[in-house]
Amino acid sequence: MTVVGVGGVGKTSLALALQRGGGWVAELAAVDQGDAVVHRVAEATGVHLRRDRSPIEALGEALADSTGQLVLDNCEHLVEAAAQVASVVLRQCPRINVLATSRVPLRIAGEAVFELKPLAPPSLDDREIATVGHSPAVQLFVERVRAREPGFMITADNCTAVAEVCRRLDGVPLSVELAATRMHAVSPEALAERLQWRFRVLSGGRATDPRHRSLHAVVDWSYALLEPEVQVLFEALSVFPGAFDLTAAEQLIAELGGSLPDVVAGVAELVDSSMLTSERNGYRLLETLRDFGRERLGHGGARDAVSGAHARLVASRLGGLARHLWGSGHQSAARLVTGSLDDVRQAVDWARHHDLELAGELLAGCLPCLELTMSTEITGWARDLIRDAELTGESAQVPRAAQLVAACGARFDGDLPAAHRWAEVVVAGGATAAVEVHAEMILAEVAMFQGNMESARRYCQAMRTAAAKAGMHGAALLAEGCLLLVEEYANPRRDSLELARAASALADEAGAANEDVVEFWARYMTGECLLDEDPARAAALLDEAIEGGRSTGDRYLEGVSMVSRASIEARVGDPRRAAAMFKAASVHWQEAGNWTHQWVSLRSVCELLARAGAVVAAARLLGAVVAADGHTGTGVQGEDAVRLGLVKQELVDRLGAVEVARLMALGAVMDRDTVVRAAVEALTAVSEGSEGFSGG
């Protein structure tokens with residue numbers, strides 16, 4: 001259902017009242033770009049979008065099994081994008097109802113339209129106190145006036161004027177409330193006279209609906225009563241896409257060169273005149289008032305000046321967050337980004353068109369969030385910036401942070417050559433210390449995936465040196481842990497127990513420094529070193545890492561720990577339970593769209609399926625995994641190569657070389673979603689005992 005009506009009529013209030021039973025509210029007033037609507041809905045519903053899908057497809061898949069009501073609030077400026085989201089949700093999510101608010105219908109199949117009408121004002125014939133007082137518009141007017149002037153009453157002297165004011169305002173609640181706030185300084189008779197004049201001034205060039213004109217008239221009138229410096233403040237505050245606090249308002253005006261003491265008094269006056277809404281965590285402009293403020297700014301230099309000041313304000317708040325990577329402030333840095341995404345989204349969009357250096361600062365500040373969440377939106381910002389720069393011939397001006405974020409995206413997407421290429425460009429020069437540290441980590445990880453342990457060792461050492469130089473203690477510890485993993489993976493004669501003790505000491509050191517993200521990574525690394533020597537202890541450590549990943553919001557750590565934990569169960573535990581664990585890990589990587597780790601984990605799934613007797617599924621999956629190594633740039637090295645060689649030989653022994661070759665060829669041409677779906681189906685059969693086991 002779409003609730004339609006003029007601005008200020010109460011559509012949002014009605015939607016929120018209807019939402020009290022649960023569900024999600026996606027506030028779209030703060031979203032200026034149609035592409036961002038999907039991400040705003042994902043943020044509101046708490047789902048993660050797959051990297052390998054278009055955002056709208058990923059949203060439909062992510063919400064397919066959810067139940068509840070989704071409110072799309074304030075759709076009128078993004079009708080097409082909101083309609084697309086609503087259509088996909090209705091089509092793919094049978095247990096979700098959609099309630100939209102807009103000034104115009106979405107015009108999609110299955111839409112019911114409810115017009116929310118204004119409060120009824122007195123009729124022209126109503127001149128008596130009793131009849132005027134029965135009008136809902138008058139009742140709201142009196143209620144709001146009494147909130148400031150408790151002794152206010154409708155009298156024989158003001159009855160006609162109050163009725164006239166409510167009629168002129170067409171009963172639009174926001175108009176009535178704004179008018180009521182001025183009754184302490186203006187009589188109803190004077191207000192009615194001024195509104196009549198305002199209507200004449202604003203009668204041309206406005207929307208045809210008289211109610212739009214009446215709302216604009218009372219907003220314009222309320223604006224005109226503000227002191228000139230407060231008018232300037234109001235216009236500047238309209239740049240905030242959502243809630244903001246007093247400090248943010250002061251910083252914005254400071255960026256614009258204004259006087260700080262004026263902000264406190266100006267905000268108080270705006271709240272007092274209902275031009276600004278006070279909330280628990282700060283202030284907010286209602287959408288109608290924000291639109292008015294942006295209209296007053298215009299589309300020229302004034303708008304750019306305020307938008308630029310806002311972008312610089314956001315950058316100052318994100319500035320230096322990259323230095324918290326893997327440190328004690330990593331989680332709080334990530335929360336700062338996720339808690340202000342509307343502001344960050346708007347700032348990045350402005351900066352990539354006006355100030356590439358500033359865009360780089362903003363993207364660098366997003367790195368702690370990206371490292372934990374694998375956000376498709378953040379990596380999308382970098383891709384858009386790089387694409388635009390290529391189209392305009394400004395590739396040389398692309399910030400190193402944008403190239404790093406692009407490397408992160410490629411690393412998650414399963415394109416390791418691109419991840420290596422971008423990270424090498426970053427390390428080549430011009431990057432800040434924190435950005436360089438992150439780039440060295442990506443290079444080390446790519447090298448480990450590709451089995452090039454000597455290069456991985458060199459990159460880990462470079463990361464450790466750069467982190468120590470930058471004073472990034474947690475990142476230096478993480479580099480130490482990665483070096484331990486390199487030794488574990490590279491040296492067949494390794495002393496795994498000694499490596500595990502060293503990794504455990506790193507975990508303790510990180511824990512003592514409140515570097516929780518690194519602490520849980522070190523627990524994972526300790527478990528990795530103990531996989532063969534002490535599987536039971538390794539399993540306990542990996543369980544800690546899984547829970548640690550969930551508690552810190554580190555979806556990356558959670559996924560790799562799930563895979564290693566499942567591998568232990570497959571080797572020395574219950575194959576059925578191992579199948580369930582691998583299924584959960586495959587679903588986790590699919591939801592994240594992390595194909596690099598998906599393909600690596602499916603190598604172990606091939607082995608488990610072959611041992612469990614699901615030989616046909618194992619042979620097809622083996623063909624898909626081998627083919628994927630070619631286009632992801634991973635490559636099967638070391639122990640993985642030995643294990644897959646043994647799996648293939650076992651399948652040949654069971655099925656014959658010709659049949660295995662045929663099945664592998666079938667798997668090699670399967671699209672990757674089909675591969676994962678087939679793997680999950682086979683794992684489900686094994687976990688439920690549908691396949692016969694062929695021995696341990």
Side-chain angles (χ1 to χ4, degrees), residues 1-42 44-45 56 59-60 63-64 66-121 135-137 140 166-167 169-177 206-216 218-219 286-292:
M1 173 178 286
T2 301
V3 178
V4 300
V6 297
V9 78
K11 301 183 293 296
T12 295
S13 297
L14 176 60
L16 294 179
L18 294 173
Q19 193 66 359
R20 288 175 183 165
W24 316 277
V25 178
E27 169 54 66
L28 303 183
V31 179
D32 290 331
Q33 302 295 322
D35 293 344
V37 171
V38 171
H39 294 289
R40 189 69 185 84
V41 173
T45 55
I56 190 66
L59 182 68
L63 292 174
S66 300
T67 301
Q69 179 166 278
L70 172 63
V71 172
L72 302 176
D73 191 30
N74 293 310
C75 300
E76 54 273 352
H77 62 305
L78 298 165
V79 170
E80 290 186 10
Q84 185 183 29
V85 167
S87 296
V88 167
V89 171
L90 291 174
R91 184 170 62 251
Q92 296 182 225
C93 313
R95 291 185 295 278
I96 294 181
N97 297 320
V98 178
L99 177 63
T101 70
S102 177
R103 296 181 192 177
V104 294
L106 301 188
R107 304 192 188 284
I108 60 174
E111 178 186 29
V113 178
F114 175 79
E115 182 183 0
L116 183 60
K117 296 182 181 296
L119 301 174
S135 159
L140 176 63
C166 291
R167 278 197 296 269
L169 298 179
D170 293 300
V172 175
L174 177 58
S175 301
V176 171
E177 293 199 25
R206 301 296 179 192
T208 56
D209 187 335
R211 293 194 183 107
H212 283 288
R213 291 200 301 271
S214 70
L215 175 59
H216 194 283
V218 76
V219 172
L286 297 178
E287 182 205 6
T288 300
L289 299 175
R290 179 171 178 262
D291 286 347
F292 179 85

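- Under the 4.5 Å side-chain criterion, counting only non-hydrogen atoms from C-beta, Met1 is not in contact with Glu111.
- Taking every heavy atom of both residues into account, Ala86 and Leu72 meet most closely at CB-CD1, 4.1 Å.
- Counting only distance, with no hydrogens or angles, the side chain of Ser135 and the backbone of Ala120 share a donor-acceptor pair below 3.5 Å.
- Contact record, Cys75 with Leu106: CB-CD2, 4.0 Å, taken as the closest heavy-atom pair.
- Without hydrogens or angle criteria, Thr101 side chain to Asn74 main chain gives a donor-acceptor distance under 3.5 Å.
- Between Leu59 and Val85 there is a side-chain heavy-atom pair separated by less than 4.5 Å.
- The OG atom of Ser66 sits 12.0 Å away from the CD atom of Gln92 when rounded to the nearest 0.5 Å.
- Using a 4.5 Å heavy-atom cutoff, the side chains of Ile56 and Gln84 are in contact.
- Counting heavy atoms from C-beta on, the side chains of Val9 and Lys117 never come closer than 4.5 Å.
- Taking each heavy atom of Val71 and Ala15 in turn, the nearest pair found is CG1-CB, 4.1 Å.
- Of all heavy-atom pairs spanning Pro94 and Ala64, the tightest one is CD-O, 3.9 Å.
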query = Should Phe114 and Leu14 be marked as a side-chain contact (heavy atoms from CB on, under 4.5 Å) after you check the CA-CA gap, both sets of side-chain angles, and the distance that decides it?
reply = CA-CA 11 Å; Phe114 175 79; Leu14 176 60; 4.2 Å; yes
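- Taken to the nearest 0.5 Å, the CG atom of Leu70 stands 7.5 Å off from the CG atom of Leu63.
- In terms of modelled atom types and a separation under 3.5 Å, the side chain of His77 and the main chain of Leu28 share a donor-acceptor contact.
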task = Carefully, step by step, assess Val104 and Val79 under the rule side-chain contact (heavy atoms from CB on, under 4.5 Å).
result = CA-CA 8 Å; Val104 294; Val79 170; 3.6 Å; yes
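- Within the 4.5 Å cutoff, the side chain of Leu289 has heavy atoms near those of the Val219 side chain.
- Pro121 has its side chain out of reach of Leu169: every pair of non-hydrogen atoms, C-beta onward, lies at least 4.5 Å apart.
- The closest donor-acceptor contact from the side chain of Arg91 to the backbone of Gly60 lies at 3.5 Å or more, if one exists at all.
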task = Start with the C-alpha distance between Leu99 and Leu18, add both sets of side-chain angles, then the distance that settles side-chain contact (heavy atoms from CB on, under 4.5 Å), and finish with yes or no.
result = CA-CA 9 Å; Leu99 177 63; Leu18 294 173; 4.0 Å; yes
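- Counting all heavy atoms, side chain and backbone alike, Pro105 lies closest to Val113 at CB-CG2, 4.0 Å.
- With rounding to the nearest 0.5 angstrom, the CG atom of Asp73 is 6.5 Å from the CG atom of Leu16.
- Residues Leu174 and Val176 fail the side-chain proximity criterion, which asks for heavy atoms closer than 4.5 Å.
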Verdict with supporting geometry, Gln19 and Val25, side-chain contact (heavy atoms from CB on, under 4.5 Å) = CA-CA 8 Å; Gln19 193 66 359; Val25 178; 3.9 Å; yes
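- Here the closest non-hydrogen pair linking Val3 and Lys11 is O-CD, 3.6 Å.
- When side chains are defined from C-beta on, Val6 does not count as touching Arg103, because their heavy atoms never get closer than 4.5 Å.
- Applying the 6.0 Å contact sphere to CG of Asp35 captures no more than 12 heavy atoms from other residues, nucleotides or ligands.
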